[in-house]
Number of protein chains: 2
Amino acid sequence: MPVIKYEIRAGAYFDSVLLMHLQRALAGLDGIIDAGVVMATPANLDLMLQSELLPSQAEIANPEDLLIVLRAQDEHHAESALAMVDELIASRRSETHSEFRPKSLEAAMRMSPDAGFVLISVPGRYAAGVAKDALRGCRHVFLYSDNVPIEEELELKQIGKEEGLLVMGPDCGTSIVNGIGLGFANRVRRGGIGLVGAAGTGLQAVSSRIHSIGEGISHAIGTGGRDLRSEIGGITALQAINLFARDPMTKVIVLVSKPPHPEVATRLLMACQNCGKPVVVNFMGYGPPAPKMGNLYFTANFDETAEVAVRLLREGQNSQIENEAHTGSYPPGRKYVRGLFSGGSLANEALRALQSILTPVYSNIAKDDASQLTDPVRTQANTILDLGEDEFTVGRLHPMMDNDLRLRLLEQEASDPEVAVILMDLVLGEGAHPDPASEFAPAIERARRVHQVEVVVVVIGTDQDPQGLEEQRQQLSDAGARIFDNVSDAVTSISRRMVFREVEEYKRVNLDSLTATVQAINVGLETFYESLTEQGVETVQVDWKPPAGGNEQLMSILRKMRE
Amino acid sequence: MPVIKYEIRAGAYFDSVLLMHLQRALAGLDGIIDAGVVMATPANLDLMLQSELLPSQAEIANPEDLLIVLRAQDEHHAESALAMVDELIASRRSETHSEFRPKSLEAAMRMSPDAGFVLISVPGRYAAGVAKDALRGCRHVFLYSDNVPIEEELELKQIGKEEGLLVMGPDCGTSIVNGIGLGFANRVRRGGIGLVGAAGTGLQAVSSRIHSIGEGISHAIGTGGRDLRSEIGGITALQAINLFARDPMTKVIVLVSKPPHPEVATRLLMACQNCGKPVVVNFMGYGPPAPKMGNLYFTANFDETAEVAVRLLREGQNSQIENEAHTGSYPPGRKYVRGLFSGGSLANEALRALQSILTPVYSNIAKDDASQLTDPVRTQANTILDLGEDEFTVGRLHPMMDNDLRLRLLEQEASDPEVAVILMDLVLGEGAHPDPASEFAPAIERARRVHQVEVVVVVIGTDQDPQGLEEQRQQLSDAGARIFDNVSDAVTSISRRMVFREVEEYKRVNLDSLTATVQAINVGLETFYESLTEQGVETVQVDWKPPAGGNEQLMSILRKMRE
């Protein structure tokens with residue numbers, strides 16, 4: 001008759017590698033059927049319950065407590081296994097501690113003044129403190145720890161931004177620096193593709209695929225999963241893009257992340273647009289406005305991301321990036337785009353394309369409240385109006401048939417001194433106005449001449465349409481409009497001429513700090529120390545213990561004394 | 001000194017073509033500077049205000065009232081122009097009424113028994129009534145009218161579903177049937193691509209582009225913008241996909257729409273997966289799980305949609321669709337997929353891929369509340385678990401390092417009698433477990449042998465990884481796992497073997513009704529009558545007037561009397 005025995009060790013800190021080894025050692029003892037060794041968090045207790053390893057008396061354990069549970073053949077075997085716990089812990093510890101190890105990060109940094117990277121994988125509540133010490137010591141941080149509060153992440157990244165140091169993480173699984181994998185990383189050849197990723201296994205999947213199709217990567221910078229949230233604003237990702245823009249080895253940049261906060265996405269894509277290299281963007285689940293906008297290439301999954309990057313690398317696309325001036329093309333003070341669309345789907349494409357590179361953009365057909373126009377007939381900042389929407393067509397012909405409304409709005413928007421460009425569509429075909437260009441041409445000319453406002457027109461039609469595609473294009477073009485076949489080309493062209501909001505001032509990360517021989521300090525999981533050592537990296541392992549034995553109050557006093 | 005004069009005509013119905021002509025005629029009169037002729041809806045009043053055509057006294061007009069406003073050089077010219085309104089209306093009406101016109105749709109259907117299509121563009125509140133009459137007469141409906149209540153749309157489409165009739169719309173801008181454009185349509189050559197679109201100008205942009213690259217379309221079926229909402233459930237789109245599946249001329253299907261309701265998207269994509277032809281899907285702003293899943297190809301904008309469709313047509317991809325059996329591959333009753341992932345990004349890809357073809361799918365990393373697991377450690381229906389999430393890694397090694405948790409869950413999920421497949425990842429590389437396959441192989445074998453549960457593994461790694469990519473794959477494969485390089489191929493393969501939820505029973509739309517010579521009846525805008533006539537279509541124009549002069553109460557009595 002099997003029995004279950006347990007032990008709770010209150011508030012004790014144990015490295016999770018040690019917990020795994022302890023569990024395995026216990027499970028391997030004579031007469032033991034199953035063993036569980038966990039910190040007693042609600043999720044862990046629930047999992048223990050599912051494994052039939054949670055006696056109801058043990059449910060009183062707190063998240064800070066270590067819970068050891070054994071299912072054994074009988075009472076005797078259970079008791080003697082529990083009695084061996086301390087011995088098993090001591091023996092595991094002695095196995096791994098042959099060489100001298102500094103007791104603190106400060107000591108390790110003194111020992112290893114050229115170690116440019118500090119890997120941190122201590123429990124979340126201690127991680128930010130260790131990371132701050134590393135930044136104070138002018139080292140880049142690879143912060144594997146999760147469960148780090150977001151305010152602490154922001155504080156660390158702001159230091160990083162001011163000091164030109166990378167804070168990769170928290171909850172960063174993967175980076176590859178100068179050929180060396182930090183955390184979880186596949187062994188891939190070096191090459192011309194630079195990766196930025198807020199997605200850990202995303203970076204692994206993309207880098208593995210790049211390797212398997214025969215190319216390689218320059219560096220892969222993990223940012224942690226929350227870097228592209230609005231609270232953080234993509235600090236690490238922006239640093240990485242800037243690094244790759246300057247790195248001569250990197251010819252193509254890849255950006256992989258779960259969908260960023262929309263404003264952060266826009267900021268990042270603006271930075272990418274200005275970086276002078278092709279950038280392959282996979283925002284996992286983000287619906288891109290086009291497969292390509294200028295030097296930005298949007299992809300749907302990791303394989304496609306790798307394949308497009310390799311294709312661009314091989315085609316040498318980076319030499320083809322047009323370096324049109326991004327400023328000064330529109331008169332000073334004229335900064336907004338106003339879209340006057342007759343086609344709802346074209347308006348939708350334009351809205352999405354514009355939102356990917358400008359902010360804010362409002363519309364009467366916006367999906368999110370923040371972008372919704374409060375009054376559908378009053379434009380503000382950048383605006384896309386779909387004039388075929390229900391509210392405009394009660395007792396009024398559709399704007400494809402009757403140009404009156406758009407002609408009035410064209411004049412009205414052009415006379416707004418903050419407007420730089422008017423973007424519109426002209427849809428030909430059956431049922432549409434027989435000669436729309438003849439009515440728009442004078443209005444376009446007036447917008448250009450009188451108001452110095454550019455008019456960009458997306459013309460949809462065929463050579464067989466009753467209005468005549470070429471004749472319509474010619475009339476518009478003679479009036480001074482710029483003509484495009486599709487929305488994304490039109491928006492890309494507009495964005496090239498816009499005055500971009502200045503990217504915030506960052507202290508640049510020193511490129512040499514990435515291309516020098518990697519030396520590292522590891523604080524936390526032994527596994528990462530072993531991995532670095534196997535990769536030939538000179539690494540110092542810190543024999544880390546939580547300050548004050550994990551006592552929060554004492555820790556806070558110690559911290560204050562040091563500051 | 002210019003003066004403004006106005007007139008309100010209460011509750012009068014006027015065709016919007018007539019309103020446009022009246023406005024133009026008034027604006028062209030001697031001494032008139034500007035004119036506005038609109039139904040006095042809030043949006044129209046606001047637009048009039050912006051054009052300085054809204055005297056404050058006129059703001060009392062109701063949405064059902066016609067508002068005529070003139071800005072004139074002086075009182076005299078304004079007064080004499082207003083006096084001419086009735087005359088201008090009468091002269092416009094006499095211009096267009098040369099031939100005999102039936103006064104009702106019923107009369108028109110008797111006149112033209114072979115007219116298969118009724119185009120309806122009367123004001124929204126009358127449109128459903130006319131459409132119901134057309135369906136009663138066994139005609140397909142092209143419903144251009146907008147502002148039709150969604151309950152009425154549902155009622156119409158349910159009739160269409162039962163009778164095998166298409167209800168294209170409401171708010172449907174575009175269809176092309178047998179080479180004839182209904183509503184707004186570009187003139188494009190005929191060919192092997194069939195279009196389904198809940199996006200009007202989307203269909204125009206895609207069909208124009210297909211034409212311009214040298215191919216053509218079989219038919220284009222507009223569904224109206226709300227067809228893919230949950231209330232309607234994609235009735236018209238499903239009818240159209242089924243039509244194209246049976247149509248021998250159609251080799252490639254294109255589906256264009258604003259992002260559907262997630263469940264409707266899944267249902268449509270399931271229908272597309274089963275249609276036996278390649279389908280190019282552009283859900284405008286939908287983040288696809290992959291560029292390709294089986295016979296589904298996802299695109300980002302209209303040009304790419306056209307280009308991919310043409311490429312598939314030219315490659316003759318339809319012959320390559322694997323017609324694997326979709327049923328019976330898993331034991332009866334075993335219907336669910338459970339995903340046990342160590343990599344968050346891979347879990348995310350799997351969740352999105354699975355959600356595109358199965359419903360419901362739950363996850364601990366779902367973005368929407370509906371898909372969020374209530375308890376992250378308890379699976380339900382189809383579930384994707386990301387076991388690297390914070391809740392699982394407190395005092396526990398990451399599942400890439402320690403397989404214990406996944407091994408326990410693999411056994412647990414496999415012993416659930418409703419589970420058909422377990423999907424998992426195995427990520428190799430630095431920092432990861434030195435030989436994970438050796439631990440998973442026995443568990444996989446047990447799942448297969450004991451529980452008859454299939455195990456599908458996505459292996460991420462390179463030939464240089466310390467674990468050895470081939471050795472790991474071999475061990476898993478020897479244990480009976482099916483191995484894939486990426487998530488979307490794995491999910492596609494799973495979906496091929498799943499028992500699909502039956503597509504609801506629809507009465508099939510008769511294919512011949514689309515390929516016969518088009519004859520039509522037009523109720524509403526003259527423009528569409530002219531367009532059809534120019535295209536050589538035998539068309540009857542109904543001289544439509546709102547029933548009971550637009551009096552709602554009387555209309556309702558009349559309707560009851562007829563039923």
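Being a predicted model, the structure only gives us computed values, none of them experimental. By convention in this document, chain letters (A, B, ...) are assigned in the order of the sequence lines, proteins followed by strands, and residues within each chain are numbered from 1. Values below: every heavy atom of this structure, side chains too, minus hydrogens, waters and symmetry copies.
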Checklist line | Heavy-atom closest contact (B:Ser345 atom, A:Phe302 atom, distance) | finding: CB-CZ, 3.6 Å

Check: Got a donor-acceptor contact below 3.5 angstrom from the A:Thr462 side chain to the B:Arg187 backbone?
Finding: yes

Next item on the list: Take B:His21 and A:Asp402 through the side-chain contact (heavy atoms from CB on, under 4.5 Å) test and state the conclusion after the steps.
Entry: CA-CA 10 Å; B:His21 284 283; A:Asp402 181 1; over 6 Å; no

Check: Between B:Pro376, B:Gly461, B:Ala43, B:Ser212, which shows the greatest number of heavy-atom pairs under 4.5 Å with chain A?
Finding: B:Gly461

Check: By a 4.5 Å heavy-atom criterion (distance strictly below it), what part of B:Leu53 contacts chain A: side chain, backbone, both, or neither?
Finding: side chain

Check: Minimum heavy-atom separation for A:Asp465 to B:Ala185, with atom names?
Finding: OD1-O, 4.5 Å

Notebook entry, point to check: Where does B:Leu49 contact chain A at under 4.5 Å (heavy atoms): side chain, backbone, both or neither?
Noted result: side chain

Note to self: Is A:Asp171 in contact with chain B via its backbone, its side chain, both, or neither, using a 4.5 Å heavy-atom distance?
What the structure shows: side chain

Check: So which part of B:Gln412 gets closer than 4.5 Å to some heavy atom of chain A, the side chain, the backbone, both or neither?
Finding: side chain

Notebook entry, point to check: Just by distance, do the side chain of B:Asn186 and the backbone of A:Leu428 share a donor-acceptor pair under 3.5 Å?
Noted result: yes

Next item on the list: Measure distances from B:Leu405 to the heavy atoms of chain A and classify the residue's part below 4.5 Å as side chain, backbone, both or neither.
Entry: side chain

Next item on the list: Could you check which of A:Val427, A:Leu47, A:Thr527 has the highest count of heavy-atom pairs closer than 4.5 Å to chain B?
Entry: A:Leu47

Note to self: Quick check on the interface: out of A:Glu391, A:Gln23, A:Glu534, who has the most heavy-atom pairs with chain B under 4.5 Å?
What the structure shows: A:Gln23

Note to self: I need the residue from B:Met284, B:Arg189, B:Glu411, B:Met20 with the largest number of non-hydrogen atom pairs under 4.5 Å to chain A.
What the structure shows: B:Met284

Notebook entry, point to check: Relative to chain A, which of B:Ala353, B:Gly173, B:Gly344 shows the most heavy atom pairs under 4.5 Å?
Noted result: B:Gly344

Margin query: Side chains of A:Asn348 and B:Lys258, heavy atoms from C-beta outward: is any pair under 4.5 Å?
Written below: yes

Notebook entry, point to check: Under a 4.5 Å heavy-atom cut-off, does chain A meet the side chain of B:Pro466, its backbone, both or neither?
Noted result: both

Notebook entry, point to check: Between B:Pro123, B:Ser488, B:Ser342, B:Gly285, which residue shows the highest count of heavy-atom pairs closer than 4.5 Å to chain A?
Noted result: B:Gly285

Margin query: Can you tell me which portion of B:Pro288 sits under 4.5 Å from chain A's heavy atoms? Options are side chain, backbone, both or neither.
Written below: both

Next item on the list: Measure across A:Ser531 and B:Glu430 and return the closest heavy-atom pair with its distance rounded to 0.1 Å.
Entry: OG-OE1, 3.2 Å

Check: Between B:Val256, B:Thr393, B:Thr41, B:Leu409, which residue shows the highest count of heavy-atom pairs closer than 4.5 Å to chain A?
Finding: B:Thr393

Next item on the list: Check whether more than 12 heavy atoms from other residues, nucleotides or ligands sit under 6.0 Å from atom CD of B:Glu52, and answer yes or no.
Entry: no

Margin query: Is A:Asp489 close to chain B through its backbone or its side chain, or both, or neither, when contacts mean heavy atoms under 4.5 Å?
Written below: neither

Margin query: Using a strict threshold of under 4.0 Å (side-chain N to carboxylate O), is an ion pair present between A:Asp34 and B:Arg408?
Written below: yes

Note to self: I need the residue from A:Lys367, A:Arg24, A:Arg209 with the largest number of non-hydrogen atom pairs under 4.5 Å to chain B.
What the structure shows: A:Arg24

Next item on the list: Apply side-chain contact (heavy atoms from CB on, under 4.5 Å) to A:Glu304 and B:Lys292, showing your working.
Entry: CA-CA 10 Å; A:Glu304 190 193 15; B:Lys292 173 184 186 324; over 6 Å; no

Check: Between B:Asn44 and A:Phe392, is there a donor-acceptor pair closer than 3.5 Å when you use the side chain of the first and the backbone of the second?
Finding: no

Next item on the list: Between chain B and each of A:Gly181, A:Gly183, A:Gly200, A:Ser207, count heavy-atom pairs under 4.5 Å; write down the option with the most.
Entry: A:Gly183

Notebook entry, point to check: Hey, is the main chain of A:Val377 close enough, under 3.5 Å, to the side chain of B:Gln50 for a donor-acceptor pair?
Noted result: yes

Checklist line | Nearest heavy atoms of B:Gly395 and A:Leu19, plus distance in Å | finding: O-CD1, 3.4 Å

Note to self: Please classify the contact between A:Gln467 and chain B as side chain, backbone, both or neither, with a heavy-atom cut-off of under 4.5 Å.
What the structure shows: neither

Note to self: Check this for me: does any side-chain nitrogen of one of A:Arg378 and B:Asp46 sit under 4.0 Å from a carboxylate oxygen of the other?
What the structure shows: yes

Check: Hey, which of A:Phe341, A:Phe298, A:Tyr144 has the most heavy atom pairs under 4.5 Å with chain B?
Finding: A:Tyr144

Notebook entry, point to check: Given that the side chain runs from C-beta out, which part of A:Leu182 has a heavy atom under 4.5 Å from chain B: side chain, backbone, both or neither?
Noted result: neither

Check: By a 4.5 Å heavy-atom criterion (distance strictly below it), what part of B:Asp375 contacts chain A: side chain, backbone, both, or neither?
Finding: side chain

Next item on the list: Go through A:Ala432, A:Ser121, A:Ser257, A:Ser51 and name the one with the most non-hydrogen pairs under 4.5 angstrom from chain B.
Entry: A:Ser51

Next item on the list: Please report the C-alpha distance between B:Arg396 and A:Met39 in whole Å, then the side-chain angles of each, then the deciding distance to 0.1 Å, and finally whether the side-chain contact (heavy atoms from CB on, under 4.5 Å) criterion is met.
Entry: CA-CA 8 Å; B:Arg396 179 195 296 279; A:Met39 301 307 293; over 6 Å; no

Margin query: If only side-chain N and O atoms count, and only distance matters, is there a donor-acceptor pair under 3.5 Å linking B:His398 with A:Asp146?
Written below: no

Notebook entry, point to check: Which heavy atom in A:Asn301 sits nearest to a heavy atom in B:Pro291, and how many Å separate them?
Noted result: OD1-CD, 3.3 Å

Next item on the list: Hey, could you give me the CZ/CE distance between A:Phe528 and B:Met401, rounded to the nearest 0.5 Å?
Entry: 3.5 Å

Margin query: Would the distance check show the side chain of A:Asn486 and the main-chain N or O of B:Asp303 forming a donor-acceptor pair, the cut-off being under 3.5 Å?
Written below: no

Notebook entry, point to check: What part of A:Leu66 is in contact with chain B, defined as an atom under 4.5 angstrom from a non-hydrogen atom: side chain, backbone, both or neither?
Noted result: neither

Item checked: Minimum-distance pair of heavy atoms, taken over all atoms of B:Ser208 and A:Ile460 -> OG-CG2, 3.9 Å

Check: What part of A:Pro289 gets closer than 4.5 Å to chain B, counting heavy atoms only: side chain, backbone, both or neither?
Finding: backbone

Next item on the list: Would you mind checking which part of B:Leu525 comes under 4.5 Å of any heavy atom in chain A, side chain (CB onward), backbone (N, CA, C, O), both or neither?
Entry: side chain

Item checked: Working for side-chain contact (heavy atoms from CB on, under 4.5 Å), residues B:Val394 and A:Asn147 -> CA-CA 8 Å; B:Val394 179; A:Asn147 290 296; 3.5 Å; yes

